[in-house]
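Read through the structure below, which is laid out as structure tokens, and then see the notes.
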Amino acid sequence: MKQTRDSIKDIWGERTPYYGNWPVRVDAKVDVEPERWVQSACVLCSNGCGMDIGVKDGRIVGVRGRATDPVNHGRLGPKGLHGWMANNSRDRLTQPMIRKGDELVAVSWDEAMNFIVQKSKDLIKEHTALSIGFYTSGQLFLEEYYTLGVIGKAGLGTPHMDGNTRLCTATAAAALKESFGSDGQPGSYTDLDYAATILHCGHNIASQQTVLWMRILDRLAGPNPPKLIVIDPRDTFTAQKATVHLAPRIGTNMAVMNGLLNLIIQANAINEAYINAHTIGFEELKHTVSTYTPEKVEAISGVPAGKLQEAADILCKTDTLVSTVLQGFYQSMQATAASVQVNNIHLIRGLIGRDGCGIYQMNGQPTAQNTRETGADGDLPGFRNWGNEEHIKELAQLWNVEPAVIPHWSPPTHAMQIWRYAETGSLKMLWISATNPAVSLPQLERIRKILDQKNLFKVVQDAFMTETAQYADVILPAAIWGEKTGTYTNVDRTVHISHKAVEPPGEARADLDIFLDYAQRMDFQDKDGAPLIKWRTPEEAFEAWKKCASGRPCDYTGLSYAKLSLHDGIQWPCNEQHPEGTKHLYKEGIFNTGITYCETYGHDLDTGAANTQDQYKLFDPKGKAILKGTDYQPPHEQPDEEYPFMLTTGRLVYHFHTRTKTGRSKELNDAAPDAFVQMSEADASKNGFSEGDMVEIISRWGKAIQPVKIGGVLPGELFIPFHYGYWDDPDRVRAANELTITEWDPISKQPHFKHTAVKVRKYEQGILDKAATLIKDVKDSFNS
Amino acid sequence: MHIGNYIDMVHRGQQDLAQAFIKVSEHHGHEPDIKSTCILLAGWSRQLMEKIKPFAEKYGEEKNKEPDKLMRDLFEGPRKGSMALLRDLQDLWLLAREAQVASIILEQAAFGLRDKELITVCNDINGFSKRQISWLLTRMKAIATQTLIAAE
């Protein structure tokens, strides 16, 4: 076995300090020497590292980073270096299956697809297409999402389409839309090369985007290291490197952000010329944040007034700033509102649209950006506005259907509402692709009950027999990364192509082929009676998408499979005007807020009420950014006498999502084999818990059993990693989401995974012997 | 002078609205966003009630003897399920509209009296009413199609 470095022991590898640029370091891991290398990009986080797949004898035998790729300069993280082993797993699904009685029985593709088609037609006849919904992923490729989007919106005409991106990245999109008029990350990863200050908001980047963190570590190791401000209640790897670490109580981000804005405004560190020329809403924002003195913020959040001041001082003086935001904000109280305040800091200081000034409203998944762009989630393709009739007409013309076919009477249904419709019975068919809601959604007991409903027809399209697939009426075995060709886009809008390197196992098929097959069998037609979907291959789908994205912020018209295969990643918009792609959006301070162009008319930050076009007319920003503020609101469920702890959940460095892939790499699994509950020393000693004790954690929504890991969280707070389900350990109730509350942000509709009130007690059922081994593993592998 | 009558109307409008939002939040606990948003909006109405109180003292609140027709007729009978949710939201919308128009009428009197404080309070009430109404509309529109066509 050959590897250039041991990424399990040394997650980020050796330092290669910056001296003017970020040096190349090619990370690789292969089992045997490959016969050939195939161009691709990593799919195990949202960073999107350029990567080659090593192939020998028709099998994937390893990976290496692409030295020339602008995203990673050759580096790969532990998940990227090891995750590919899942492709070769013996657990892969290789045949379609249909539930017959209590059993899932292998059938032909014809039988499985005809069954789905018959069921779809019956349901449409009896209940309209409103009885059919799709719940997809942040793991498929752009071409697949776009095809799915067209099937749903112009074929079936159902508004019920969303992705698990609702759980990970919905707030990124929502926050960008509220401030800038449309989705689209303003910055570029290259901003890290210049930034004097980096602000991480609820983002443990060291564990989540390890390669992006390497870039920061290398800046820290070179001359002129940037200052780091980290907002996170936990003592994470990221927080340990911070110049200033603000550790707010769970659920109080909004107060901290208002406090920072207030201090910046009070210090008069604002860029008045920029504010006047390029924004609206400053006076209201100033008024809203004016009461958030450091003392008030300390009372709400526990962040010492002096620390807040220290952070604000840095933000006031810096002439370049990169901010990153992730789940600590997105999955918490006032998710969109708090994330918008990060945009506001950049806007009032004029730190946007140039080198060193980037906002990354991070995505959780490698292709999450594409669900948002193509409309496979709760958006319309090309960042179009469901409230704008002209945008609907554009789509209708492109697809050659009547505008009325496209559901646009209200926003596309968000995932949590789709599940609610399934629960109440009006949604009767749910097609789940490449995601595992039976482990990843909140309040799992409820989700299992919904999945168990006999009158809900479940199609599960996946590569493995996940916890969700076990409830399926039909299972469709899917090809995964490396077994199909397609493109995907990372956080800084870099588009990569990933070529097919090997054949999928057994009868597994590319998701694109499955969707196309469904469209053909359903006989979806345009208004002239021709097939609605006119493409058969990934490249044709990409070309169709280019037409859809033309003239919109996410313009791909300057890209092609040939160009992407010749180059490394290229940042959209890429068109005639910008043939080499675009590093920064909003360079001239002109935003996508014009009434005919914007993706949304905006929302009330407290209630989520949607502005209408008429309301928007009254303040049409005509290209200015929108500064929006609001007051802090406490989480709805507060710890009390009965449930005295606040539980938060999150990731570990070695795993992705529900471990469907990473759990099948021996190295990654050995590095982090099991869940645990992290507790402060004070709480452990007060309750008489020792390291490794098995405890029962109980919320109003469920319970879980975990070994105790002491340290790294604030008193009164607990942390459980959310990766662990039941496919490899059905014996212990251990999924973090057994406990989490069902509620969501009013705008982004992203669930609040970050705060649930719980109680803890010793678990006394002869499991203690098992605990000793478990905790040893946990201890060895624990990474915050 | 009948201003006391309208101060009572505005006061009671917010009181009824606060109660009704809480009632709907309790009825529809299985719809998490309905529950939390209704509680939030009930809180707004309670705060507005407090703001109007000083004017009851200043001008005298004239208890209106008309029966509270709207409150009585709305939220009638046991309601469950998605149709009930739609109906309850529509009833809230009616109440919020009623509360809003009362504040608009009172503001006219405040203009005549050159009572700046009362003008500000009426303005606040109108502003919050708009936000309440806007949310109710957004939410009703989002579920109406499914409820009227696909729900059983």
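The sequence lines fix the lettering, A, B, ..., with proteins before strands; numbering per chain opens at 1. Since the model is a prediction, treat every value here as computed from it, not as a measurement.
Using non-hydrogen atoms only and a strict 4.5 Å limit, the part of residues 122-140 of chain B facing chain A consists of B/Arg131, B/Ser134, B/Trp135, B/Thr138, B/Arg139.
In this structure, B/Ile143 CD1 and A/Thr424 OG1 are separated by 10.0 Å, a value rounded to the nearest 0.5 Å. Of the inter-residue distances, the one linking A/Gln417 atom CD with B/Asp33 atom CG reads 6.5 Å to the nearest 0.5 angstrom.
The local environment of NZ in A/Lys296 is crowded, with over 12 non-hydrogen atoms from other residues, nucleotides or ligands closer than 6.0 Å. A/Lys458 NZ: more than 12 foreign heavy atoms inside a 6.0 Å radius. With a 6.0 Å radius and a threshold of 12 heavy atoms from other residues, nucleotides or ligands, B/Lys58 has its NZ atom above the threshold.
Two residues are said to be in side-chain contact when any heavy atoms from C-beta on lie closer than 4.5 Å; A/Arg420 and B/His30 meet this criterion. A 4.5 Å side-chain heavy-atom check between B/Trp44 and A/Thr607 finds at least one atom pair inside the cut-off. In this structure, the side chains of B/Pro32 and A/Thr742 come closer than 4.5 Å at one or more pairs of heavy atoms. Contact of the B/Gln146 side chain with the A/Tyr421 side chain is registered, since non-hydrogen atoms from C-beta on lie closer than 4.5 Å.
In this structure, the side-chain hydrogen bond (donor to acceptor under 3.5 Å, both in side chains) partners of A/His636, at least two apart in sequence or on a different chain, are A/Glu743.
Residues A/Ser426 and B/Ala151 come closest through the heavy atom pair CB-CA, 3.8 Å. Annotation for A/Asp606 and B/Leu40: closest pair O-CD2, 3.8 Å, computed over non-hydrogen atoms.
With a threshold of 4.5 angstrom between heavy atoms, B/Leu41 approaches chain A through side-chain atoms but not through N, CA, C or O. A/Lys749 does not touch chain B: none of its heavy atoms, backbone or side chain, sits under 4.5 Å away. Within the 4.5 angstrom heavy-atom criterion, only side-chain atoms of A/His160, from C-beta onward, approach chain B. Within the 4.5 angstrom heavy-atom criterion, only side-chain atoms of A/Gln633, from C-beta onward, approach chain B.
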